[in-house]
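Structure first, commentary second.
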There are 2 protein chains.
Amino acid sequence: MGKTAESAAGAPRGPATASIRRTSEAQILAAAETVFAQSGFDGATMTQLAATAGLPKANLHYYFGTKERLYCAVLERILALWLDDAVEWIVPDRHPAEGLAGYVRAKMAHSRRRPEASRIFAGELLRGAPHIMSYLRTDLRQRVTAMAGVIAGWSKAGLMDPVHPVHLLFAIWAMTQTYADFDAQIRAVLDKTKIGDAEFATATETVVALVLKGCGVRAPAMEP
Amino acid sequence: MGKTAESAAGAPRGPATASIRRTSEAQILAAAETVFAQSGFDGATMTQLAATAGLPKANLHYYFGTKERLYCAVLERILALWLDDAVEWIVPDRHPAEGLAGYVRAKMAHSRRRPEASRIFAGELLRGAPHIMSYLRTDLRQRVTAMAGVIAGWSKAGLMDPVHPVHLLFAIWAMTQTYADFDAQIRAVLDKTKIGDAEFATATETVVALVLKGCGVRAPAMEP
DNA sequence: ATCATGTCTGACCAGGCGGTCAACAAATCA
DNA sequence: TGATTTGTTGACCGCCTGGTCAGACATGAT
């Protein structure tokens with residue numbers, strides 16, 4: 001039937017431009033990420049959310065219905081980004097010296113570039129993960145199992161010590177995300193209003209070294 | 001003048017039993033620690049706080065005035081406990097193998113025994129530490145400086161690698177507190193409703209090994 | 001008894017919260 | 001063009017929030 005050419009995918013209703021919806025939703029989601037990261041779910045108010053988005057409050061309800069649905073939309077957006085780092089680095093083909101270092105650096109870069117996403121995730125976990133428990137138990141758990149297998153393989157191959165793979169991952173997540181989540185503490189201790197690139201690079205290399213040496217990763221063999 | 005014998009210290013007014021005040025305050029603080037840990041400052045309500053304490057709402061206001069003052073009282077209680085671990089373990093007399101391992105184990109024990117305290121602290125940091133920023137910049141920073149000196153001393157003495165001491169501390173805090181703060185994630189990934197003692201011991205030893213090997217701590221010399 | 005002091009609490013309040021809705025503007029379809 | 005759907009918004013609502021307060025109650029000194 002005569003659907004217009006534009007609506008290729010993801011436009012269940014509305015025959016023509018869903019671009020307005022997309023634009024407004026993106027605008028609201030971006031604002032919401034900032035506000036939820038600063039104030040948390042309970043601390044944020046719809047009025048504050050609307051003001052940050054530069055739209056009337058009723059408009060947010062038009063697009064997302066309730067505060068909780070808006071929050072969940074923000075969460076889903078974050079989770080999508082969350083999973084991609086691992087598959088690039090924690091793979092059997094790589095040497096652990098490269099894989100673990102790359103993964104840690106990717107996670108640190110995440111904490112640097114998108115601290116708000118990390119903070120929203122942290123807040124959700126702190127409250128017992130009421131909105132993402134099912135995701136944790138399925139998607140995340142599955143990925144962790146896969147990554148743990150890779151790491152165990154590295155150990156068996158004699159490329160590194162036999163470290164408990166899952167707890168190693170917890171440790172890596174903790175060390176890297178702390179620079180986003182608990183930034184206030186780090187700034188206070190370092191006596192800086194903002195963490196500079198140099199300081200962050202120092203942090204990154206400290207964590208990388210801690211992980212590589214901590215896992216007893218052997219020097220990678222040079223490819224012929 | 002004729003103050004009764006009981007009021008030895010800390011009873012500025014009231015001639016007789018200040019024990020009632022002490023008891024009620026302790027009861028309220030204990031309940032508040034639980035509720036604030038579960039729901040955060042914004043999520044918790046005075047009604048919920050009162051119900052958990054088993055007292056009428058007005059009673060909480062009688063003793064603490066406002067929700068914020070109650071919250072701050074809870075925070076202060078936590079901070080007092082927070083500082084004591086370090087001074088016992090991160091001291092020049094000890095070998096780093098003993099000092100770092102002991103410190104990590106103490107922090108892990110803290111996460112195990114008093115996860116609520118850790119979560120309240122984490123929530124406060126996540127929101128930018130509005131109530132404890134001055135504490136972080138004074139007390140905590142001072143202690144960190146002292147600890148960093150000890151660690152740097154260990155490195156100079158050739159007892160361990162020259163690891164950046166402050167970032168090492170951030171890493172230790174992150175790895176240990178993650179077992180309290182993000183317990184939901186850990187339980188979901190491990191597919192357990194509760195983390196057992198055995199699993200927690202595994203976690204502890206994983207972190208201890210990661211830190212000791214990661215810092216290149218030499219084997220401690222035996223005392224004659 | 002009387003009084004002073006501290007403790008306790010039900011009833012109440014103003015304000016802000018998330019959410020609704022009717023009416024209106026804009027865009028797309030026929 | 002008119003018809004129909006989608007987007008926009010100010011005004012409004014009921015509820016729950018943190019906080020108040022007058023007065024009941026307990027306790028010990030005089």
Side-chain angles (χ1 to χ4, degrees), chain A residues 1-8 10-29 31-32 35-36 38-74 131, chain B residues 1-7 10-29 31-32 35-36 38-74 130-131:
Chain A
M1 307 287 276
K3 276 190 180 177
T4 54
E6 265 71 26
S7 64
R13 64 186 64 178
T17 44
S19 72
I20 295 177
R21 186 167 206 104
R22 292 276 185 87
T23 304
S24 292
E25 284 182 358
Q27 185 178 350
I28 294 167
L29 285 171
V35 175
F36 280 133
Q38 278 177 4
S39 309
F41 177 76
D42 293 307
T45 71
M46 289 305 285
T47 304
Q48 190 186 359
L49 259 347
T52 305
L55 293 170
K57 194 178 58 151
N59 204 326
L60 309 209
H61 280 106
Y62 173 74
Y63 281 111
F64 291 95
T66 69
K67 182 187 181 184
E68 190 162 13
R69 278 212 289 275
L70 171 56
Y71 176 72
C72 286
V74 172
H131 300 93
Chain B
M1 307 293 270
K3 276 190 181 177
T4 55
E6 264 72 24
S7 65
R13 63 186 65 179
T17 46
S19 71
I20 295 176
R21 187 168 207 104
R22 292 275 183 88
T23 303
S24 293
E25 285 182 356
Q27 185 178 353
I28 294 167
L29 285 171
V35 174
F36 280 134
Q38 277 177 4
S39 309
F41 177 77
D42 293 307
T45 71
M46 290 304 285
T47 303
Q48 189 186 0
L49 258 347
T52 306
L55 293 170
K57 194 178 56 148
N59 204 328
L60 309 208
H61 280 106
Y62 172 73
Y63 280 111
F64 291 95
T66 69
K67 183 188 181 184
E68 190 162 14
R69 276 213 289 275
L70 171 56
Y71 176 71
C72 286
V74 172
H131 300 93

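In what follows, every chain begins at residue 1, and chains take the letters A, B, ... in the order their sequences are listed. Since this is a predicted model, take the numbers as computed values, not measurements.
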Expressed as a whole number of angstroms, how long is the span from [X]:[atom1] to [N]:[atom2]?
{"X": "A/N59", "N": "C/dA23", "atom1": "CG", "atom2": "P", "result": "20 Å"}
{"X": "B/Y62", "N": "C/dT9", "atom1": "OH", "atom2": "P", "result": "12 Å"}
{"X": "B/K67", "N": "C/dG16", "atom1": "NZ", "atom2": "C1'", "result": "13 Å"}
{"X": "A/L60", "N": "D/dT9", "atom1": "CG", "atom2": "P", "result": "11 Å"}
{"X": "B/E68", "N": "D/dG18", "atom1": "CD", "atom2": "C1'", "result": "12 Å"}
{"X": "A/H61", "N": "C/dT20", "atom1": "NE2", "atom2": "P", "result": "7 Å"}
{"X": "B/E25", "N": "C/dT7", "atom1": "CD", "atom2": "P", "result": "9 Å"}
{"X": "B/R21", "N": "C/dC8", "atom1": "CZ", "atom2": "C1'", "result": "12 Å"}

message: So B/A50, base contact, sugar-phosphate only, or nothing? Heavy-atom distance under 4.0 Å.
response: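 It contacts nothing in the nucleic acid.
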message: Looking only at the side chain of A/A58 (C-beta and beyond, no hydrogens), which of the listed nucleotides C/dT9, C/dC8, C/dC21 gets closest?
response: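 Output: C/dC21.
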- request: Let me know, please, whether B/K57 or A/Y63 comes out on the 5' side of the other along DNA chain D by nearest nucleotide.
  value: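 Upstream on the strand: A/Y63.
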- prompt: Just by distance, do the side chain of A/K67 and the backbone of A/A44 share a donor-acceptor pair under 3.5 Å?
  reply: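 Side chain of A/K67 to backbone of A/A44, a donor-acceptor pair under 3.5 Å: yes, one is there.
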message: Quick one: does any side-chain atom of B/Q27 pair with a main-chain N or O of B/A53 as donor and acceptor, under 3.5 Å?
response: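 Side chain of B/Q27 to backbone of B/A53, a donor-acceptor pair under 3.5 Å: yes, one is there.
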N/O (side chain, B/S24) to phosphate O (OP1/OP2, C/dC8) under 4.0 Å: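 Affirmative; the distance criterion is met.
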message: Please evaluate residues B/M46 and B/F64 with respect to the criterion side chain to side chain contact (heavy atoms under 4.5 Å, CB included), reporting the C-alpha separation (whole Å), side-chain torsions for both, the decisive distance (0.1 Å), and the verdict.
response: CA-CA 11 Å; B/M46 290 304 285; B/F64 291 95; over 6 Å; no
field: Ring geometry between B/F41 and B/F36 (parallel below 30°, tilted from 30 to 60°, perpendicular above 60°)
entry: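 Parallel, since the angle between the ring planes stays under 30°.
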